[in-house]
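Note sheet for the following structure.
Indexing begins at 1, ligand by ligand and atom by atom, following the structure's order. Being a predicted model, the structure only gives us computed values, none of them experimental. The figures that follow rest on heavy atoms only: side chains count, while hydrogens, waters and symmetry mates do not.
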Amino acid sequence: MTVDDQTHMAHALRLAARGNGTCWPNPSVGCVLVKDGRIVGRGTTQPGGRPHAERVALAEAGAAARGATACVTLEPCAHHGKTSPCAEALVAAGVARVVTAITDPDPRVAGRGHAILRQAGIAVTEGVLADEASEIAAGFLKRVTRGLPFVTLKLATTLDGRIATASGESRWITGPDARRAVHAMRMQHDAVMVGSGTARADDPDLRVRDMGAVRQPVRLVIDSGLTHSAQSRLGTSAHEAPVWLVHGDHAPDEARAAWTARGAKLIPCPSADAHLNLDAALRALAAEGLTRIFCEGGGALAAALIRAGLVDELAVFAAGALIGADGRAALGPLGLQALADAPRLRLLSSRRVGGDTLSRWRF
Ligand code: AOF
Ligand code: ZN
């Protein structure tokens, strides 16, 4: 591994990071082709997951790929999809050396991509900036290895952790810069998720706005009884951007018919006492291809996800305001018996966003 490998891998990782939210069920991969110290090709996995990053970079480089070094954030694929494997494409293009960050855990690849390259006499260096690559591919890695999506829970609260006054007034707690940052975060996820209480109370639209043309994330409601009205904003815009509802067996037939007629996708899930089994719900969503879910509340869903150990990251926007104990709490009850049982999170980063702060924490 050289300093140059790290520099070019960092470049490939920046390309990969940009594609998060657009490629599901595939990972967003970045690829940089370097020859004589010059970048001759760059690629990112394209929206929808194809073409793969290596294909895009090879197409840009053309004949210049011969003798070049390819830096790829994920092991090149070894399986035949709509096209031949990327590992074979790199061999055919005459690439001299391949540098990768992490192995692809997809059982169709899992080391075979590296093997194809080595068998063709290409020098392969693995593990360059592996931690950074695992971070960017966290959704894909969790889905493939555990059958669950990576879940980020966003909270936008006052300094004392309130999200509304007692009367339910909540617009706005955080400022315009924080709200814009939320749209940028939605864009980096495959789906934006809320519980049925928030859907009913806020009638949200949940689309990414003012970010140019984007692949809209799936708008997801966890709604065991299918109580959210199909006449809502989500219902009336379901033909413009995808809306999925996860519901229990007791959801009324009329509600199912109304949502289906709107073009929404219904995902049935086992439930007990009117509560969905959230682990099963998230597994069903991963099976549908989702790798990164951005949960925007409300407090009941947020607490239930935490209790079930299903949240990976917490993103907290805190405004310099106070509401007090008569306001609504950001989180429903966690049912803790002792302080020792309180979930402890690790601080990833903390920064100022306009007049608010954003801190990111890992479970
Ligand atoms: C690469 N480069 O840019 C990506 C890869 O459904 P398919 O045929 O497109 O294959 C999806 C699998 O390909 C996915 O599960 C992962 O293993 C790999 N993704 N591989 O060489 C890429 N996105
Ligand atoms: Zn590929």
Query raised in the report: Got an N/O contact under 3.5 Å between Gly81 and ligand 1?
Result: no
**Report entry** Protein heavy atom at shortest distance from atom 18 (C) of ligand 1
**Finding:** Asp104 OD2, 3.5 Å
Query raised in the report: Quick check: does Ala53 get an N/O under 3.5 Å from an N/O on ligand 1?
Result: yes
Query raised in the report: Any side-chain donor-acceptor pair under 3.5 Å between Trp172 and Thr174?
Result: no
Report task. Find all atoms of ligand 1 within a distance of less than 4.0 Å from any non-hydrogen atom belonging to Pro76, and give their numbers and elements. Result -> 21 (O)
Report task. Check each atom of ligand 1 against the heavy atoms of Cys86 and keep those under 4.0 Å away; list them by number with element. Result -> 21 (O)
Requested in this report: Provide, to 0.1 Å, the distance between atom 2 (N) of ligand 1 and the closest protein heavy atom, together with that atom's residue and name.
Outcome: Glu54 OE1, 2.7 Å
Query - Under 3.5 Å: donor-acceptor pair, side chain of Thr236, backbone of Ser232 - result: yes
Query raised in the report: Can a salt bridge be assigned to the pair Glu240 and Arg207 using a cut-off of 4.0 Å between side-chain N and carboxylate O?
Result: yes
Query raised in the report: Between Arg50 and Thr45, does any side-chain donor sit less than 3.5 Å from a side-chain acceptor?
Result: no
Report summary line: among protein heavy atoms, the one nearest atom 20 (N) of ligand 1 is His52 ND1, 3.4 Å
Query raised in the report: Counting distance only, does the side-chain N/O of Arg292 pair as donor-acceptor with the main-chain N or O of Thr152 below 3.5 Å?
Result: no
Report task. May I ask you to decide whether Arg209 forms a salt bridge with Asp205, counting only side-chain N to carboxylate O separations under 4.0 Å? Result -> yes
Query raised in the report: Under a 4.0 Å N-O cut-off, is there an ion pair linking Asp312 with Lys142?
Result: yes
Requested in this report: Check each atom of ligand 1 against the heavy atoms of Arg108 and keep those under 4.0 Å away; list them by number with element.
Outcome: 10 (O), 11 (C), 12 (C), 15 (O)
**Report entry** Shortest protein heavy-atom distance from atom 11 (C) of ligand 1, along with the residue and atom involved
**Finding:** Asn26 OD1, 3.1 Å
Report task. Give a yes-or-no answer on whether the side chains of Arg97 and Thr125 include a donor-acceptor pair shorter than 3.5 Å. Result -> yes
Report task. Please determine if Glu169 and Arg328 form a salt bridge, counting it only when a charged side-chain N lies under 4.0 Å from a carboxylate O. Result -> no
**Report entry** Nearest protein heavy atom with distance in Å, relative to atom 23 (N) of ligand 1
**Finding:** Pro27 O, 3.1 Å
Report summary line: CD1 (Ile323) and OG1 (Thr157) are apart, to the nearest 0.5 Å, by 9.0 Å
Query raised in the report: Given that the side chain starts at C-beta and the backbone is N, CA, C, O, which of these parts of Cys77 lies under 4.0 Å from ligand 1, counting heavy atoms, or is it both or neither?
Result: both
Report task. Please write down residue, atom name and distance for the protein heavy atom closest to atom 8 (O) of ligand 1. Result -> Arg50 NH2, 2.5 Å
Query raised in the report: Is the closest heavy atom of His79 to ligand 1 under 4.0 Å?
Result: yes
Query raised in the report: the Zn ion (ligand 2) as vertex, arms to SG of Cys77 and ND1 of His52: angle to 10°?
Result: 110°
Query raised in the report: How far is atom 15 (O) of ligand 1 from its nearest protein heavy atom, and which residue and atom name does that atom have?
Result: Asp106 OD2, 2.6 Å
